[in-house]
There are 2 protein chains.
Amino acid sequence: MTIQPRTLKGQETQAKLLHTALDCFAAEGYKASSMRVIAARAGVSLSHAYYYFSSKEDIVARLLLNLRTEQFDQCHAALNEGNTLESNIRSVFTSGLHVMQPYHEFGPAFLKVLLSQDLMDNELSAVEFSLWEKAVSGARPLPPLGIRRDLPKFLWLLSRQLFSAWAYDQSANQRRSMLLMNNAAPVVAKFAVLCRLPVVRSLFEDVLSLMDSGNSIRDQEEGQASDPKVFKAS
Amino acid sequence: MTIQPRTLKGQETQAKLLHTALDCFAAEGYKASSMRVIAARAGVSLSHAYYYFSSKEDIVARLLLNLRTEQFDQCHAALNEGNTLESNIRSVFTSGLHVMQPYHEFGPAFLKVLLSQDLMDNELSAVEFSLWEKAVSGARPLPPLGIRRDLPKFLWLLSRQLFSAWAYDQSANQRRSMLLMNNAAPVVAKFAVLCRLPVVRSLFEDVLSLMDSGNSIRDQEEGQASDPKVFKAS
DNA sequence: CCGAGTTTTTGAACGCGTTCAAAAACATGT
DNA sequence: ACATGTTTTTGAACGCGTTCAAAAACTCGG
């Protein structure tokens with residue numbers, strides 16, 4: 001994104017550029033959709049594309065966001081019908097696969113976008129997270145109270161792991177990821193039920209705090225660290 | 001790699017090329033170590049480098065393998081001293097961090113190599129796996145018999161996840177990943193102990209079979225499977 | 001209508017990873 | 001010594017993502 005155009009024509013050009021890029025991605029695939037091709041198809045010069053989008057990755061990020069919101073629209077109705085937690089989890093997974101499948105070859109690029117931007121503070125994460133919140137709060141029976149609050153976050157982080165498996169899945173039609181997600185749903189549901197037992201519950205808390213310690217929301221608060229161990233390579 | 005030279009001089013040139021590349025990586029970093037620079041430093045033409053290494057990724061893979069074997073040499077002694085499982089897990093993690101730290105900026109490239117090659121069938125995975133086997137078999141007291149066989153694989157898969165967190169870790173000196181790994185060790189150890197309880201044990205088995213279903217050793221045998229639950233989209 | 005200041009648009013270039021046809025060096029049977 | 005076939009080495013090129021200085025188009029107060 002990088003720039004929001006001042007004039008109307010600017011906005012139109014930017015929109016057209018984005019639209020063309022998405023079409024091009026769908027029609028020609030990732031490698032074939034070079035910046036030159038996209039720009040040409042949109043009827044602008046190469047460097048002009050860079051006036052509106054700071055990088056190719058930028059456009060990919062946009063595509064990813066579009067797909068996720070599409071997934072959201074597609075399955076948020078099903079999540080409020082009072083189905084079981086397992087069924088809801090499966091709904092989110094399968095809608096995700098369905099929406100993403102045509103762009104599977106973008107997997108590595110998607111992953112790069114996901115991993116390089118801040119984990120919590122962006123629109124994409126918000127969309128994903130809200131999906132998992134609905135999946136939990138709309139489930140009947142509701143999961144145990146003790147974990148109800150943290151379950152969405154757990155599911156969200158889990159889904160990211162599964163997404164990264166999907167991204168590099170080489171099996172035909174991504175069958176492996178499909179299987180993986182379908183199997184994950186009942187296991188998580190079972191896990192949620194077992195969390196009524198204190199032993200299992202404490203394990204859940206361990207795992208969650210683990211996930212947190214690695215992906216903390218607050219990131220670069222090493223501020224003006226008093227004695228920073230800076231290793232400078234010669 | 002791609003080619004093994006027929007003549008002695010060829011092998012020497014290849015070795016020199018690899019050596020130069022690794023030096024260059026250490027000294028100049030990833031982006032600055034372009035193929036042109038490496039070739040020039042090694043005193044050969046650009047295209048000649050491609051005669052011996054089929055791609056830049058190829059060289060990166062080589063570096064990664066070197067680092068892993070270095071890690072192996074560094075900590076395999078400590079794994080036979082009869083320390084606790086937790087301590088052994090920590091040994092493997094910290095030696096890994098120690099060896100990898102200078103190349104942290106290679107993280108994304110490393111990850112790409114890891115993810116694009118076959119999960120089980122390669123030298124790198126073998127080295128990693130053997131480390132985790134030692135960590136389990138050398139632990140005192142030994143983990144519960146029921147999970148002793150599968151624990152190494154679990155740890156190995158876990159370590160891959162943590163590695164991918166490390167690869168994109170932007171915190172100073174990868175503090176977050178460090179914390180993450182240090183916290184993971186006791187949790188896993190606790191988990192191993194609790195696996196004596198049938199409830200927890202069955203969860204472990206679920207999780208493991210989950211990891212297997214996603215990353216099966218046998219890959220493209222979609223052949224005539226007896227009753228596979230195949231969900232075909234559309 | 002003019003000229004100053006912005007915003008939009010362009011062409012040319014850079015360095016990158018990678019490929020390829022062909023030259024050079026080398027080995028070997030006659 | 002020579003012709004033959006293989007292995008090693010090269011130079012030139014391609015398309016890619018990205019950058020930049022400068023042209024073109026637009027805006028708006030005088």
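By convention in this document, chain letters (A, B, ...) are assigned in the order of the sequence lines, proteins followed by strands, and residues within each chain are numbered from 1.
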(request) In whole angstrom, give the distance that lies between atom CE of A/Met35 and atom P of C/dA12. (result) 20 Å
(message) Base, sugar-phosphate or nothing for A/Ser34? Non-hydrogen atoms, less than 4.0 Å.
(response) sugar-phosphate
(message) What's B/Phe53 touching, base or sugar-phosphate or nothing? Going by heavy atoms closer than 4.0 Å.
(response) nothing
(message) Side-chain N or O of B/Tyr50 versus OP1/OP2 of C/dT18: is the shortest distance under 4.0 Å?
(response) yes
(request) Take B/Phe25 and B/Glu105, measure what side-chain contact (heavy atoms from CB on, under 4.5 Å) needs, and give me the verdict at the end. (result) CA-CA 10 Å; B/Phe25 279 157; B/Glu105 63 155 328; over 6 Å; no
(request) On DNA chain D, check which nucleotide each of B/Gln11 and B/Ser47 is closest to and give me the residue with the more 5' one. (result) B/Gln11
(request) Work out which heavy atom in B/Leu46 is nearest to a heavy atom in B/Ala39; give both atom names and the distance. (result) CA-CB, 3.8 Å
(request) Could you state the atom-to-atom distance from NZ of B/Lys31 to C1' of D/dG17 in whole Å? (result) 10 Å
(message) Does C/dC20 have OP1 or OP2 under 4.0 Å away from a side-chain N or O of B/Tyr51?
(response) no
(request) Could you state the atom-to-atom distance from NZ of A/Lys56 to P of D/dT19 in whole Å? (result) 15 Å
(request) Check the distance between D/dA21's C1' and A/His48's NE2 and give it to me in whole angstrom. (result) 17 Å
(message) I want to confirm an ordering. Mapping A/Ala32 and B/Ser45 to their closest nucleotides on DNA chain D, which one lands closer to the 5' end?
(response) B/Ser45
(request) Mark yes when over 12 heavy atoms from residues, nucleotides or ligands other than B/Arg160 sit less than 6.0 Å from its CZ; otherwise mark no. (result) yes
(request) Nearest-nucleotide wise, let me know which of A/Arg36 and A/Gly43 is further upstream toward the 5' end of DNA chain C. (result) A/Gly43
(message) Using a 6.0 Å distance limit plus a 45 degree cone around the ring axis, check whether A/Lys16 lies over the aromatic ring of A/Tyr52.
(response) no
